[in-house]
Amino acid sequence: PLVARPYGLGALVAFGGRRYRGELRVHAAREGLTVVNALPIEEYLRGVVPLELNAFAPAEAAALEAQAVAARSYTYSRLAEYLPRAQAEARAAQPFDLRDTVADQVYGGADAERDASDRAVRATAGLVLRYGGAVVSAPYYSACGGSTAEPGEVWQTGGAGEPFLRCVSDRVPGTDRHWCEAAPRHHWTRTWDGDALRAVFERHLRRHASGEGARVAGAPVGTVRALTLQGRTTSGRVSALAVAADGGRYLLRGNEIRFALRSLGGEILPSTYFSVDSLVADDEGRIARLTLRGQGNGHGVGMCQWGAIGRSRAGHDVRAILRTYYPGTTIEAAE
């Protein structure tokens, strides 16, 4: 690759209007160029933690520290030397370890850094979560809405081998409140009229669903006739959603529900922790209006970030927070 390095003490390198620590490596790709920021993990985390958790008050320091440990663990678990051989070989074929978006972790380079998050990274320097001696992938998300989820409730690719990711109640002991209740989407409502529901499904349903309708490539979904919840998971989330339309029958499972049932603007459903508040059909059996009421924001597996903030404000330290959301793990040095 072509490599661009900063010159001089404290200097940074810039690309696309952003400044970065480390160096930039420009690789030839099939279409255009791939620009990679290569830098030490601790400096990388300085550009991740403040974007993944917007909590900078002194009382929220433990939550930021928990975020730093979780993000560091996630990072190490994606490096080739920590992966099974087949995955490591596939990873070695690409010129980067992580993407800078929600596909991995949001990263903004040096311009994203904040004093409070820098302190959290320094306070936890080199610490990761381990289970059975192995560094774990430590997923996290905005708000659980009352209970975290197990991987199998959300992702169809398994997760049974991750006993540290299991349902955890976020209820404040002795109350009806939740640690994450300050989250903007602790509770939410979404409504579609019949035309909007059809338009959203035409764009997104077939890509995420199974069933007879999904197997007919290019066929329109058509008018939506019914939506039926197909059971709930251990944590109370919707396990599957059946859709009946003129174009056929479709089945959405787990987190795929969120990506198919979007707003007209393209925003995914906040969570699968919802109930059907009302479903109105017209005289011809077409859905005229659908309203969902839900709680939480995100997939629900691992650390509830707003729960971590609530616990930090109540005086819980970083170890207590991480023990809660990743039960059975230990906090140890990465290397």
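Quick caveat, the model's predicted, so the values are computed rather than measured.
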Mind checking whether [X] and [Y] sit in one hydrophobic cluster, side chains of I, L, V, M, F, W, Y counted as touching below 4.5 Å?
X: Leu279; Y: Trp188; value: yes
X: Val172; Y: Met303; value: no
X: Leu24; Y: Leu33; value: yes
X: Val224; Y: Phe259; value: no
X: Tyr250; Y: Val276; value: yes

For [X] and [Y], which heavy atoms make the closest approach, and how far apart are they?
X: Gly328; Y: Tyr131; answer: O-CD1, 3.4 Å
X: Ala63; Y: Ser312; answer: N-OG, 3.4 Å
X: Leu12; Y: Ala110; answer: CD1-CB, 3.9 Å
X: Leu264; Y: Ala199; answer: CD2-CB, 3.9 Å
X: Arg99; Y: Asp104; answer: N-OD2, 2.8 Å
X: His204; Y: His208; answer: O-CD2, 3.2 Å

Is any side-chain heavy atom of [Y] closer than 4.5 Å to one of [X]?
X: Asp246; Y: Arg225; answer: yes
X: Pro151; Y: Leu165; answer: yes
X: Arg130; Y: Thr329; answer: no
X: Val136; Y: Tyr326; answer: no
X: Thr324; Y: Trp179; answer: no
X: Ser271; Y: Gln295; answer: no
X: Pro139; Y: His299; answer: yes
X: Ile287; Y: Leu227; answer: yes

Interatomic distance, [X] atom [atom1] to [Y] atom [atom2] [nearest 0.5 angstrom]:
X: Gln94; Y: Thr34; atom1: CD; atom2: OG1; answer: 10.0 Å
X: Asn297; Y: Gln305; atom1: CG; atom2: CD; answer: 9.5 Å
X: Leu205; Y: Ile257; atom1: CG; atom2: CD1; answer: 11.5 Å
X: Asp277; Y: Arg293; atom1: CG; atom2: CZ; answer: 4.0 Å
X: Ile41; Y: Arg46; atom1: CD1; atom2: CZ; answer: 15.0 Å
X: Asp170; Y: Cys180; atom1: CG; atom2: SG; answer: 4.5 Å

Checklist entry - Is the gap between the ring centers of Tyr20 and Phe15 under 6.0 Å? => result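 Judged by ring-centre distance (under 6.0 Å), Tyr20 and Phe15 do not meet the cut-off.
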Checklist entry - Quick check, are the ring centers of His178 and Trp306 under 6.0 angstrom apart? => result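 No, they do not, as the ring centres are separated by 6.0 Å or more.
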Could you check whether any side-chain N or O of [X] sits under 3.5 Å from a backbone N or O of [Y], counting only pairs where one atom can act as donor and the other as acceptor?
X: Thr124; Y: Ala68; result: no
X: Thr148; Y: Arg166; result: yes
X: Arg262; Y: Phe201; result: no
X: Arg258; Y: Gly254; result: no

Item to check | Derivation of the salt bridge (charged side-chain N to carboxylate O under 4.0 Å, His left out) call for Glu60 and Arg313 | outcome: CA-CA 6 Å; Glu60 297 162 351; Arg313 290 171 177 173; 2.7 Å; yes
Checklist entry - What do the steps show when you test Arg25 against Glu23 for salt bridge (charged side-chain N to carboxylate O under 4.0 Å, His left out), and what is the final call? => result CA-CA 7 Å; Arg25 300 174 182 173; Glu23 63 187 31; 2.8 Å; yes
Checklist entry - Does the salt bridge (charged side-chain N to carboxylate O under 4.0 Å, His left out) test come out yes or no for Asp111 and Arg19, once each step is laid out? => result CA-CA 6 Å; Asp111 292 329; Arg19 299 179 302 157; 2.7 Å; yes
Checklist entry - Between Arg311 and Glu65, is a salt bridge (charged side-chain N to carboxylate O under 4.0 Å, His left out) present by the stated rule, with each step listed? => result CA-CA 12 Å; Arg311 292 170 189 273; Glu65 291 175 6; over 6 Å; no
Next on the checklist: By the definition side-chain hydrogen bond (donor to acceptor under 3.5 Å, both in side chains), identify the one residue from Arg72, Arg122, Arg21 that meets it with Glu42.
Outcome noted: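 Between Glu42 and the candidates, side-chain hydrogen bond (donor to acceptor under 3.5 Å, both in side chains) is satisfied uniquely by Arg72.
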Item to check | Evaluation steps, side chain to side chain contact (heavy atoms under 4.5 Å, CB included), between Gln230 and Leu251 | outcome: CA-CA 9 Å; Gln230 301 283 296; Leu251 186 65; 4.1 Å; yes
Checklist entry - Do other residues, nucleotides or ligands put more than 12 heavy atoms under 6.0 Å from the CZ atom of Arg232? => result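 More than 12 heavy atoms, drawn from other residues, nucleotides or ligands, come within 6.0 Å of this atom.
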Item to check | Residue Arg253 excluded, over 12 heavy atoms near CZ under 6.0 Å | outcome: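 Atom CZ in Arg253 is not crowded, with 12 or fewer foreign heavy atoms closer than 6.0 Å.
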Next on the checklist: Among Thr75, Val69, Asp118, which residue satisfies the side chain to side chain contact (heavy atoms under 4.5 Å, CB included) criterion with Leu45?
Outcome noted: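 Only match with Leu45 under side chain to side chain contact (heavy atoms under 4.5 Å, CB included): Thr75.
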Is a side-chain donor-acceptor pair under 3.5 Å present for [Y] with [X]?
X: Ser147; Y: Ser169; value: no
X: Arg78; Y: Ser137; value: yes
X: Glu150; Y: Thr234; value: no

Checklist entry - Can you say whether the rings of Tyr140 and Tyr74 are parallel (under 30°), tilted (30 to 60°) or perpendicular (over 60°)? => result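 If you compare the ring of Tyr140 with that of Tyr74, the planes turn out perpendicular.
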Next on the checklist: Let's go through Ile331 and Val128 carefully: what are the C-alpha distance in whole Å and the side-chain angles of both, what is the deciding distance for side chain to side chain contact (heavy atoms under 4.5 Å, CB included) to 0.1 Å, and is it a yes or a no?
Outcome noted: CA-CA 6 Å; Ile331 303 175; Val128 295; over 6 Å; no
Distance-only donor-acceptor hits, side chain of residues 48-59, under 3.5 Å, sequence neighbours excluded:
residue: Glu52; atom: OE2; partner: Val106; partner atom: N; Å: 2.8

Checklist entry - Could you go step by step and tell me if Trp192 and Leu292 meet the side chain to side chain contact (heavy atoms under 4.5 Å, CB included) rule? => result CA-CA 9 Å; Trp192 300 260; Leu292 305 181; 3.8 Å; yes
Next on the checklist: side chain to side chain contact (heavy atoms under 4.5 Å, CB included) for Leu98 and Tyr44? Distances and angles first, verdict last.
Outcome noted: CA-CA 11 Å; Leu98 299 105; Tyr44 161 72; 4.0 Å; yes
